[in-house]
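Working notes, beginning with the structure itself.
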Amino acid sequence: MSDFAEKLIAWQQAHGRHDLPWQQTRDPYAIWVSEIMLQQTQVSAVIAYYDRFMQRFPTIASLAEAEQDEVMRYWSGLGYYSRARNLHHAAQTIMREHCGIFPTDFDTIQTLKGIGRSTAAAISVFAFNQRQTILDGNVKRVLARLYAVEGWPGLPDVEKKLWQIAESVLPSQGLPAYVQGLMDFGATLCTRSKPNCHRCPMQASCLAYQQQMVSVLPAPKPRKALPEKQTTVLMILDAGEILLERRPNHGIWGGLWSLPELSPSALAVPHVKTTFDMDVEPLETLPVLWHTFTHFKLEITPQPLLLQGKRPPPAPNQQWLALEDAVAAALPTPVRTLIKELQQLRF
DNA sequence: AAGTCGGGGCT
DNA sequence: AGCCCAGACTT
């Protein structure tokens with residue numbers, strides 16, 4: 001038996017979960033229902049649904065005979081409703097094509113709707129004590145760390161490698177405890193954030209731990225490049241003071257004081273004349289600034305301007321502030337950065 | 001290979 | 001406000 005499997009089984013016996021409702025049985029139907037409910041759904045959310053469902057549909061036959069509407073009612077709130085439709089459909093398939101007996105053959109199990117390789121493996125192990133491996137999100141994380149597998153596990157090549165590793169570390173016996181251990185270990189110790197490496201029996205052999213890669217493995221799903229927007233902000237100066245404008249309550253930086261904004265296509269000098277009734281002269285430009293929000297990147301072009309002549313009275317949503325006060329004010333970070341840069345340029 | 005399904009917990 | 005969860009299926 002691989003060193004990993006041996007340690008995992010020992011860990012499972014000491015620290016794993018043993019009292020979940022679907023662990024008290026070897027009925028393939030009960031285990032099947034639990035596995036479907038647990039797809040992309042946390043244990044704590046499943047338990048109540050599982051108990052209610054099994055009370056109403058205790059057997060394959062009772063589920064197959066039920067109206068789809070009633071099945072859906074018992075699933076309502078769990079999400080991923082195709083799981084319930086597939087479960088219902090597969091129950092009827094078993095009645096029709098398998099004499100009402102849940103199939104024991106691994107490949108046959110996978111032909112049932114809603115059962116892929118990992119779920120088929122879980123059923124095969126827990127109900128029939130067969131030698132198969134699962135590969136769910138927990139197991140992917142555990143193996144990606146133990147074997148320092150780089151790349152997002154959703155990539156076919158990476159997933160293939162993880163299946164291969166999962167098979168290679170499979171013990172020859174004690175499969176139920178081992179597979180339950182895989183899941184419990186990933187769910188409670190080798191967690192996504194803040195894994196408990198101190199209490200990990202695999203620490204010495206964990207490649208990610210050795211290479212200090214635990215926090216970056218497995219690699220997160222690559223995000224699509226954020227859309228880029230651009231804007232120009234006006235830095236209108238007069239007597240060591242800068243003109244600030246309160247932003248509308250809705251939208252980005254809602255209600256915050258900021259710099260007046262200008263659509264990138266507009267010309268600064270005429271715009272300021274029309275909008276603010278000020279005569280200004282352009283100053284030396286500052287470098288463009290990038291700011292990243294959660295949903296887009298913003299290219300901010302600062303446009304410093306020097307007021308010529310008399311300062312008109314500020315509108316209610318405007319104020320003049322000394323540069324050093326502006327730096328200390330509660331302005332959006334990139335705006336403060338720009339004002340700081342301008343301040344240093346002046347002296 | 002990418003999109004879809006989903007409520008809920010976590011950060 | 002994303003990201004992820006005992007994934008599988010469709011496009």
Side-chain angles (χ1 to χ4, degrees), chain A residues 8 12 16-18 20-23 28 30-50 53 72-90 93 109-127 132-145 151-160 162-163 166 175-196 215-227 252 254 292-296:
Chain A
L8 186 66
Q12 167 63 20
R17 300 175 284 196
H18 304 92
L20 299 172
W22 44 89
Q23 291 180 307
I31 292 166
W32 172 35
V33 171
S34 75
E35 289 302 328
I36 300 301
M37 285 189 173
L38 287 161
Q39 288 172 359
Q40 299 298 107
T41 309
Q42 293 181 346
V43 168
S44 57
V46 164
I47 292 177
Y49 282 88
Y50 175 82
F53 194 95
M72 300 312 288
R73 280 202 298 280
Y74 277 79
W75 206 273
S76 173
L78 256 189
Y80 280 105
Y81 296 96
S82 63
R83 295 184 296 178
R85 290 193 299 273
N86 289 337
L87 189 67
H88 187 217
H89 180 270
T93 302
I109 293 172
Q110 281 184 75
T111 66
L112 296 169
K113 274 211 175 210
I115 302 184
R117 178 172 173 185
S118 191
T119 299
I123 298 170
S124 298
V125 167
F126 293 132
Q132 298 288 347
T133 188
I134 60 168
L135 189 67
D136 59 28
N138 284 324
V139 183
K140 286 176 179 172
R141 182 173 57 253
V142 169
L143 296 181
R145 285 176 176 161
W152 174 52
L155 289 173
D157 284 353
V158 179
E159 189 171 354
K160 220 174 275 181
L162 290 171
W163 273 114
L175 267 293
Y178 169 82
V179 167
Q180 188 65 46
L182 270 182
M183 297 188 289
D184 293 358
F185 183 73
T188 66
L189 195 153
C190 196
T191 48
R192 183 165 63 92
S193 61
K194 298 181 186 174
N196 215 330
S215 62
V216 295
L217 290 179
K221 176 180 181 145
R223 295 294 150 199
K224 275 191 287 191
L226 297 176
I252 206 69
T292 305
F293 295 91
T294 50
H295 44 304
F296 65 92

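Naming: A, B, ... by sequence-line order, numbering from 1 per chain.
For the pair A/Ser118 and C/dA6, the criterion of a side-chain N or O lying under 4.0 Å from OP1 or OP2 is not met. In this model, the phosphate group of C/dG7 is approached by a side-chain N or O of A/Gln40 to a distance below 4.0 Å at OP1 or OP2.
Here the P atom of nucleotide B/dG7 and the CE atom of A/Met72 are 12 Å apart, to the nearest Å. What separates CD1 of A/Ile134 from C1' of C/dC5 is a distance of 13 Å, to the nearest Å. Between the C1' atom of C/dC5 and the CE atom of A/Met183 lies a distance of 13 Å, rounded to the nearest Å. Between A/Asp184 atom CG and C/dC5 atom P the separation is 15 Å, expressed in whole Å. Between the OH atom of A/Tyr49 and the C1' atom of C/dA6 there is a distance of 17 Å, given to the nearest Å. Regarding A/His89, its NE2 atom lies at a distance of 11 Å from the P atom of C/dT10, rounded to whole Å. Rounded to an integer number of Å, the gap from CD of A/Gln39 to C1' of B/dG8 is 17 Å. If you measure from atom NZ of A/Lys221 to atom P of B/dT4, you get 10 Å, rounded to the nearest angstrom.
Using a 4.0 Å heavy-atom cutoff across all strands shown, A/Glu159 reaches no nucleic acid atom at all. Among the atoms of the strands shown, base atoms are found under 4.0 Å from some heavy atom of A/Leu20. Among the atoms of the strands shown, only primed sugar atoms or phosphate atoms (P, OP1, OP2) are found under 4.0 Å from some heavy atom of A/Arg141. Residue contacts shown for A/Trp75 are absent, as no nucleic acid heavy atom lies under 4.0 Å away. Among the atoms of the strands shown, only primed sugar atoms or phosphate atoms (P, OP1, OP2) are found under 4.0 Å from some heavy atom of A/Ile115.
Side-chain proximity of A/Val43 to the nucleotides C/dA8, C/dA6, C/dC4 is greatest for C/dA6. The side chain of A/Thr119 approaches C/dG7 more closely than any other nucleotide in the set B/dG7, B/dA1, C/dG7.
Taking CD from A/Gln180 and NE2 from A/His18, the interatomic distance works out to 8.0 Å, rounded to the nearest 0.5 Å. Taken from CG in A/Leu112 to CH2 in A/Trp32, the straight-line distance is 6.5 Å, to the nearest 0.5 Å.
Comparing the same atom, P, in C/dA6 and in B/dT11 gives a spacing of 14 Å after rounding to whole Å. The separation of C/dC4 from B/dG3, taken at their P atoms, amounts to 15 Å, rounded to a whole angstrom.
Two residues are said to be in side-chain contact when any heavy atoms from C-beta on lie closer than 4.5 Å; A/Thr41 and A/Tyr49 fail this criterion.
With 3.5 Å as the limit, one finds no donor-acceptor pair spanning the side chains of A/Arg17 and A/Thr188. For the 3.5 Å distance criterion, the side chains of A/Asn138 and A/Arg141 qualify, holding a donor opposite an acceptor.
Without hydrogens or angle criteria, A/Arg83 side chain to A/Met37 main chain gives a donor-acceptor distance under 3.5 Å.
Residues A/Ser193 and A/Leu78 each lie close to DNA chain B; by heavy-atom proximity, the contact nearer the 5' end of the strand is made by A/Leu78. The 5' end of DNA chain B is approached more closely, in terms of each residue's nearest nucleotide, by A/Thr41 than by the other of A/Arg192 and A/Thr41.
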